[in-house]
Amino acid sequence: MILFNLALKSLLNWKLAVGLSVLSIAVSVALFLGVEKVRTGAKESFLNTISGTDLIVGARSSGVQLLLYSVFHIGNATNNVRMNTIEDVAVLPGVGWVVPISLGDSYRGHRVIGTTTEFFDRYRYRNQEKLTFQEGKRFNSLFDVVLGSDVAQTYSHTLGDEVVLSHGTGTVSFADHTERPFKISGILDRTGTPIDRSVLVSLEAIEAIHHNWTPGVGHEDEKLPTLEELKPKTVTAAFVGIDTKMATFSLQRFINDYEKEPITAVLPGVAFSELWSIVSNVETALLVISGMVVVATVLGMMVAILSTLNERRREMAILRSVGAAPHHVASLLVIESLLITLAGIALGFAVLFLALMFGRSEIEQMTGIAMQIAVFGKNELRAVGALLCGSLVAGLVPAIKVYRLSLADGLIMRL
């Protein structure tokens, strides 16, 4: 207890140097925790790009490929699926809902999703969050369109603006559906998912813009068919929700063995894990950066203590002269190092906690990464333990040096 009080008074005597050391550690701790939160948040946001969907059904292909084009809108489907097949899946025992989607068109390089109005009720992301509207509402008329937040922001679109869709998925298209423009009925709130970069219309609208249409020529017949005639014959994929989770695997096997058409049903969670294993180098890089921050913190603290050691040689010698044993003086430096580290860790945690409390929503809006306020995770506690062990080492190095100093050396006046 005496050594602890003495260490505390010694630190108060070196307010500027100690304050800078504490601030340096706090910044490093906050940086480490911030990087760790970004890493875990990015992974969680990626794995929960779509939530609440039990199966994704599409043409026969690998699970990762089906996930890429149906959820991330990357690449193209190997084939379409007959609407009759999707209807057969919808009436299977245990299936609660089915939402078909049709891909293949674009708006200035942004994917167009043809779907039903049920899409807005069933699509979930992150922690079962629903799609919400920044302005307007879902499409009701045949040529209504709903924009993702990024699309609306990029082109400064507002409700009522007209947009012209293009055939194909390229950034530049020479086959625009100019004869049948759409009117914006709604703009979605930001989700941090591919929906932000998407344009949503009805399945019937997709059929309408392609009905009797030839690229470069246009529509041979300007008369619109009835909604019943616009019922799609094929779709790209379908999201499936299951009432009884125990039936998920049996339904997946049944769909994969469907005899009338070669189709594939994948579990989104499994496909996401496979896809993440491909891009997990990003996570590894962030882990390396976090480790380097911890190492830099320990080295900085060691340099700070050693830099003041020469000025404190007389202080150490006086302690020796009044009866303090060498190991007492060495322990004093170790305790000081631990106190500085604990103060820096506490300040770093406080800084990150306040930053997340007041800026989490803005960070999520800008990056789409959802970060939890709770900071005492497994990796965070490991980092704190590593810092404390590092501070012990950082204190031992100057402590050993002080231990070896002679009493006479410390009392010699240097000019």
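Residues: numbered from 1 along the sequence shown.
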May I ask you to decide if Gly109's main-chain N or O and Arg197's side chain share a donor-acceptor pair within less than 3.5 Å?
-> no

May I ask you to decide if the ring planes of His157 and Tyr107 are parallel, tilted or perpendicular, using 30° and 60° as cut-offs?
-> tilted

Minimum heavy-atom distance Ile101-Ser70, with the two atoms named = CD1-O, 3.7 Å

Partners passing salt bridge (Lys or Arg N to Asp or Glu O under 4.0 Å) against Glu118 (at least two apart in sequence or in another chain) = Arg122

Going by atom type alone, with no hydrogens or angles, which donor-acceptor pairs under 3.5 Å involve a side-chain atom of residues 78-92 and a protein atom two or more places apart or on another chain?
from: Thr78; atom 1: OG1; to: Arg60; atom 2: O; distance (Å): 3.3
from: Asn80; atom 1: ND2; to: Thr234; atom 2: OG1; distance (Å): 3.3
from: Arg82; atom 1: NH2; to: Lys260; atom 2: O; distance (Å): 3.1
from: Thr85; atom 1: OG1; to: Glu261; atom 2: OE1; distance (Å): 2.5
from: Glu87; atom 1: OE2; to: Lys231; atom 2: NZ; distance (Å): 3.1
from: Asp88; atom 1: OD2; to: Tyr258; atom 2: OH; distance (Å): 2.6

Atom CD1 of Ile242 and atom CH2 of Trp97: how far apart are they, to the nearest 0.5 Å?
-> 9.5 Å

With Leu347 via side chain to side chain contact (heavy atoms under 4.5 Å, CB included) - residues at least two apart | Val22, Ala26, Val351

Does a side chain donor of either Thr132 or Asp189 reach within less than 3.5 Å of an acceptor in the other side chain?
-> yes

Ring centres of His210 and His167 under 6.0 Å apart?
-> yes

Only distances under 3.5 Å count here; give the side-chain donor-acceptor pairs of residues 139-147 to other protein atoms, sequence neighbours excluded, each with its distance to 0.1 Å.
from: Asp144; atom 1: OD2; to: Asn140; atom 2: N; distance (Å): 3.1
from: Asp144; atom 1: OD2; to: Ser141; atom 2: N; distance (Å): 2.9

In chain order, what residues pass the side chain to side chain contact (heavy atoms under 4.5 Å, CB included) check against Thr49, with sequence neighbours excluded?
-> Val71, Phe72, Tyr123, Thr193, Pro194, Phe272

Tightest non-hydrogen contact, residues Lys130 and Tyr125, listed as O-CE2, 3.6 Å

Do Asp196 side-chain atoms and Thr191 backbone N/O form a donor-acceptor pair below 3.5 Å?
-> yes

Please list all pairs passing the ring-ring contact (aromatic ring centres under 6.0 Å, His included) test where one or both residues lie in residues 227-253, with sequence neighbours left out.
-> none

Any side-chain donor-acceptor pair under 3.5 Å between His73 and Ser198?
-> yes

